[in-house]
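What follows is a single structure, written as structure tokens, with notes after it.
Note that the coordinates shown come from a computational prediction; the quantities given were computed from them, not determined experimentally. What you see below is based on every heavy atom in this structure, not just the backbone, and it leaves out hydrogens, waters and symmetry mates.
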Amino acid sequence: MDAEARWTADSDEMWCRVAPRTRARREQGWKLHLSATAASAAAVLDKALEVLLRDESAFKFARSLEQVSALNSRATPRGSSGKFLTVYPRSDADAARLARDLHRATAGLAGPRILSDQPYAAHSLVHYRYGSFVGRRRLSDDGLLVWFIEDPDGNPVEDKRTGRYSPPSWAVSPFPASVPVSPQPARAAGGTAGGPVVLGGRFAVREAIRHTNKGGVYRGSDVGTGALVVIKEARPHVEADASGRDVRDWLRAEARTLEKLRGTGLAPEPLALFEHGGHLFLAQDEVPGVTLRTWVAEHFRDAGAERYRADALAQVERLVELVTAAHAHGCVLRDFTPGNIMVRPDGELRLIDLELAVLDDTTAPPTRVGTPGFSAPERLADAPVRPTADYYSLGATACFVLAGKVPNLLPEEPAARPPEERLAAWLASCTRPLGLPSGLVELVLGLMKDDPSERWDPTRAREALRSAHLVRPGSRPVRRAARDDEPDDPVKGLVDHLVDSMTPADDRRLWPVSTTAGESDPCTVQQGAAGVLAVLTRYWELTGDARLPGLISTAGRWIADRTDLRSAPRPGLHFGGRGTAWALYEAGRAVEDRRLTDHALALALAPQQVTPHHDITHGTAGSGLGALHLWHRTGDPRFAELAVDAADRLTAAVQRDATAVSWPVPAEAVPEEAVLEGAAFPDSDPTEAGSPEAASPEVGKRYLGFAHGLAGIGCFLLAASDVSRRPEHRELAVAAGEHLLAEAVLVGEAAQWPAQASDVPTAPYWCHGSAGIGTFLVRLWQATGDDRFGDLARRSTRAVMERASRAALTQCHGLAGNGDFLLDMADATGDPVYRAMADDLSRLVLGERAHRHGHVVFPNEYGDVSTGWSDGSAGILAFLVRLRHTGSRHWMVQVPG
């Protein structure tokens, strides 16, 4: 039988897949991975095919050199990096045989170490791990879809792809014992087996700062002098190009730059460049302090908005001087960002992570490597090295210091509006909340001009700073948001995007979503079709858009077909069945589709999975809130009983102490295999910060926010008490409010809260912070008349507005959720100032919109485009529609009047 008859092949954008016609693939087992670089990939594939085409095991490989480079990028997750070719052996014996033959065939070729796997032998391209062969996924305890395998008893176990080799305890390896990849790092003199790791015979490692695919960054000390040091690691073949250059060359370049700047006070002093276990390391003096990125977040949080604004102006002056000094010493930085600048305790700035810097006496190749938002556009397109690219980065970093972020301006299609025009529009929307004077706006725009030849240089920036004076926030006139009858109506463009991106023929997803932070059930509110359906249903009811009734029925039936009433639905509102039922019921009622309403009610009444979670998103409070809504909509007493039962279970589960009530995260709510990844040294992880046996850090946490904690639970109990008439339910809601009063952190006029009791304040979002807690407190004020709750709700609006320019755009962690809280305040108090604040937020949201072929899209907090409720277009649309047309807030109980 010839090869064409024996094999089938198909491909997608990433992989070419090859499988024998005569064999069925196993569902799980020991699989093989081969690594390669862009320079070696063709040879590795050629040698591997000589082995694989004689066998009958399925395999796949990256379909292009661009994909090989992507797999080896320094930004690639450590759990998936380097996997150029994957083999699915027919048996364990075949796995051992193929590993041996592939190792021999590819010996001497280049490829990075695959961190999730065990290498077959020292310096081998062949690696192995136990895992899934087919795409089997299930919902985790957190409501996210995860890959899984089965243990010998048939129980599902998550198939985790992390940056360390960790096979299941019951999986017996068929491979011979591997030769160690490199000698274990030496221990400090006199140290025990658990003592500090010593690299290069000189530097004792204290802790890991971070791990990325290119290698770790560690804090330590010089064992000879005791001086504190930072040690950077570069793994072989990561970010390798066709010439063989990789991240080790970038680290050598950084060492040359530090040597050039030695004694200037601009950067750390270099100590040693050395190899250890085949990896390259650079040791340098530790600069005390925090990165500028951290300083911006923490100083704003601790100092308050007024003091921060003055200190930020001084910090921008220091940034201008820093770039000026670097250029004076012949150094073009190429990656000047808030993460690459240290703020010392005395306020002085230092440059760090200078691996992309170029000296004027060296020739550096162009590179697309950079930091989106901070690197000049021409820098990310292989332009030659020019100081003007640093001017752009200086402007972006100044913008970050002044406004708390750089807007994520997604590419437009077609590109009708120049980026600098879009940046100017966003900065204009910041001027009222921030009080930015025109001089500072002009400074940022001047430095960040699209044309490098027109950018301001540091001298001109310095002159602009001398004449800049801050103005009081909120002193500029309010401009109304775009209306339906305007030619560029962003709401219509956003609806058009949701209408045209629906794919009912797709069995997996009805609307496209971002999976950067994980993927949830495709039917739920949080990230699934129910969230989008609910918003489009509301839009249809308000506008009568003729396209929507048919679309709503189609979407509802897609969801109904995928919510099996024979299986117990998950608890919770945003991740659970009651949220899906809520959306389906409203959709069916709006378009008079009895099938949808009947299915919704059956789904909502179905016995749910037992849950240890108490919260709104995943747990009892969310299930109860969904039941309350349907009780008010239908009058069916069974929903009232479900709501009261949820309130009773929360009452039974509450923990009380002398000053507070709480519902801490129970141990059974945490995934079983929670692992803390520790420090990774040359391919072997000899210093672990934690272990699989360590207790999860989530256990016992007492969250305060709306999504996962006290505020959401209290809000449900308050609403449930109107139905149950049980004083204990209302008393618990009030006790929750009292605890939130005690945990409030007042900074100026703003009220902030930590994510959990006694921690530092967090960002003022719906999920954990002021917007979600204020959502509960304003309702508690309305119910009790206690002005203490009303006062803190008002102060919560200050926290929301002070952070407005810093926020993402979405419901869960951003301006849409914050804006909905402001509209709640406007409805509760009748004070038009809160609607004006919401209008300010809407202009910040619209400042980051992008036009794509007649649609309007927005970035989520990861820079992706998503349609979901929590992190995408649906949640943003809900806020903009409510601002325009008024009305109730989604996913909150509205008692019929």
For [Y], does its backbone N or O pair with a side-chain atom of [X] as donor and acceptor, under 3.5 Å?
X      : Y      : result
Arg578 : Leu573 : no
Thr503 : Ala505 : no
Arg17  : Ser11  : no
Thr810 : Asn860 : no

Ignoring hydrogens and geometry beyond distance, is a side-chain donor-acceptor pair present between [X] and [Y] at under 3.5 Å?
X      : Y      : answer
Arg570 : Thr524 : no
Thr516 : Asp864 : yes
His599 : Thr563 : yes
Ser866 : Asp871 : yes

Only one of Arg161, Lys83, Arg78 clears side-chain hydrogen bond (donor to acceptor under 3.5 Å, both in side chains) with Ser116; which?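 Single pass found, and it is Lys83.
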Point-to-point distance, once rounded to the nearest 0.5 Å, from [atom1] of [X] to [atom2] of [Y]:
X      : Y      : atom1 : atom2 : answer
Tyr585 : Thr597 : OH    : OG1   : 6.5 Å
Glu592 : Ser553 : CD    : OG    : 10.0 Å
Asn408 : Glu861 : CG    : CD    : 11.5 Å
Leu880 : Arg882 : CG    : CZ    : 12.5 Å

Evaluate the criterion salt bridge (Lys or Arg N to Asp or Glu O under 4.0 Å) for residue pair Arg889 and Asp827; output intermediate values, then yes/no. CA-CA 10 Å; Arg889 186 173 182 175; Asp827 292 344; over 6 Å; no
Which class fits the ring pair [X] and [Y]: parallel under 30°, tilted 30 to 60°, perpendicular over 60°?
X      : Y      : answer
Trp582 : His629 : parallel
Trp766 : Phe706 : tilted
Phe575 : His618 : parallel
His813 : Tyr765 : tilted

Assess the residue pair Asp12 and Arg63 against the criterion (salt bridge (Lys or Arg N to Asp or Glu O under 4.0 Å)); give the C-alpha distance rounded to whole Å, side-chain angles, the decisive distance to 0.1 Å, and a yes or no. CA-CA 8 Å; Asp12 56 24; Arg63 62 170 296 171; over 6 Å; no
Would you please test Asp561 and Arg595 for salt bridge (Lys or Arg N to Asp or Glu O under 4.0 Å) and show each step? CA-CA 11 Å; Asp561 289 341; Arg595 177 187 168 191; 2.5 Å; yes
Within a 6.0 Å radius of atom CZ on Arg638, are there more than 12 heavy atoms belonging to other residues, nucleotides or ligands? no
Would you sort out whether Asp545 and Thr543 count as a side-chain hydrogen bond (donor to acceptor under 3.5 Å, both in side chains), showing the intermediate values? CA-CA 5 Å; Asp545 188 323; Thr543 67; 5.1 Å; no
For the pair Asp500 and Arg852, find out whether any cationic side-chain nitrogen is under 4.0 Å from an anionic carboxylate oxygen.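 Not counted as a salt bridge, because no side-chain N and carboxylate O are separated by less than 4.0 Å.
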Is Asp824 salt-bridged to Arg779, going by a charged N under 4.0 Å from an acidic O? yes
Does the Lys NZ or Arg CZ of Arg422 fall within the cation-pi geometry relative to Trp426 - under 6.0 Å from the ring centre and within 45° of the axis?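 Because its charged atom misses either the 6.0 Å distance or the 45° angle limit, Arg422 does not stack over Trp426.
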If you take all heavy atoms of Leu815 and Ala807, which pair is closest and at what distance? CD2-CB, 3.6 Å
Quick one: closest heavy-atom pair of Val535 and Ala874, and the distance? CG2-O, 3.4 Å
One pair to check against salt bridge (Lys or Arg N to Asp or Glu O under 4.0 Å): Arg633 and Glu586. What are the steps and the verdict? CA-CA 9 Å; Arg633 293 295 267 170; Glu586 295 302 326; 2.7 Å; yes
